Amino acid sequence: MFRNRDVLSILDFEKEELEKLFSITRLMENVAICGTNILEGKILGELFFEPSTRTRLSFQSAMYRLGGSVISLSNILASSIAKGENLADTIRMMEAYSDLIVIRHKIEGAAKLAAEISNIPIINAGDGTQHHPTQAMIDLYTIKKYRGKINGLNIGILGDLKYGRAATSFIYGLTLYNPNKIYLISPESLKPRERVLKILDQKKIEYGLHNDVKDVIDKIDVLYVTRIQKERFPHPAEYEAVKGSYRIDLKILENAKKDLMIMHPLPRIDEISLEVDKTPYAYYFKQASLGVPLRMALISLILGVVK
Ligand code: CP
C-alpha cells in the first residue's frame, strides 16, 4: 500500500489508505514520546528550494525520533546549484546519498519530475500552488482526532484559495470524505481555480463561494484559515489590493458555534488575531505538532519498517 511509494498529491490516495496512515499515526503519537531505533541506518534527504519551518523541521524530528538520520540541502547558495548545477542532477545526487527524498519547490510538477528521475521514494513537501499532500494528511488527521469524524461537518476554508497550496490540498483531501458542505471564503480575486471546483463537482461535494466570513461563521464546524501567499502574486498591485482584507478576531467569533475548531497550516501573518490563541477555538498549534507523528507514520510505511 505505502512501501516505496511516492507521495505527490493527496488525490493519489484512497480514503482507506489514509485511514491506515492515521491508525499508525495514532501509535506514533506515543512512540514519539520515547523514540525508537526502527530506522537506524536510514537517511532522509531534504531538498528545500523554498523556505520552511514546520515541514522541514517536522520531517527532521520524525526521522530522528525513529532512529534515522537526515541530510539537508536548504541553503541553495551553499550548494552546487549556485555554480549552475541543474535540478535533475541535484536529485540524482540526493538519490545516491539517501533512502527517501523530501522536496519543496516553487514550480508545480517539480516533485513529479523528481519521482521520474529517482529510484528512491519522493515526498512532495509542497510544489507550486496546488499540492502539499503531507499537510493535507495532517489537517485531516487533526479533524479526526479532535472531532472524531470529517463526514457530516461544515468546513470553512478562508483566505488565498487561488495561490495557497495548503488550502487547495486540504480541499482535495476533503473530497475523499463526505463533509456536509464546504464554505470557500476568499476575496473575489483569490477564488479557487476552476479545476478545483470541477473536482468538487465530480465528487458531488456541496460547496458555496463567499467573500465575507461574517456571512457564514455561525454555520461552520471547522474553519481553516490561510495567509495570503504574497510571494506567488505575479504583480505587487494584485497583492496590495487584497492585503489585510480578512482577519479572525474575538468580535467575529461572537457568532461562532461554541465548539468551532480554527485551524491554520501556518505561518500566520495577521489573518488570525493573537487574542484568538488563548481561546478554545484555537487548534493550529496542536495541528502543527501532529506533523511529527504523522510524518513518522508515513516514513515508516514507505520504508517498509511498519506494515
Ligand atoms: N505548513 C507549512 O508548510 O509550513 P512551513 O512553510 O513552515 O513548512
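What you see is a predicted model, and the numbers here were worked out from it, not measured in a lab. Reckoned from all heavy atoms, side chains included, excluding hydrogens, waters and symmetry mates. All ligand and atom numbering here is 1-based and tracks the order in the structure.
Taking the centre and axis of the six-membered ring of Tyr146, the NZ or CZ atom of Lys286 falls inside the cone set by 45° and 6.0 Å. The side-chain tip of Arg104 does not point at the ring of Phe48 from less than 6.0 angstrom away and within 45° of straight on.
Remark: Glu40 CD is loosely packed, at most 12 non-hydrogen atoms of other residues, nucleotides or ligands lying under 6.0 Å away. More than 12 heavy atoms of other shown residues, nucleotides or ligands fall within 6.0 angstrom of atom NZ in Lys145.
With salt bridges taken as basic N to acidic carboxylate O contacts below 4.0 Å, none links Lys198 and Asp201. Ion pairing of Glu188 with Lys191 is present here, as a side-chain N (NZ or NE/NH1/NH2) and a carboxylate O approach within less than 4.0 Å.
The immediate protein surroundings of ligand 1, defined as residues with any heavy atom under 4.0 Å of it, consist of Ser52, Thr53, Arg54, Thr55, Arg104, His132, Gln135, Pro265, Leu266.
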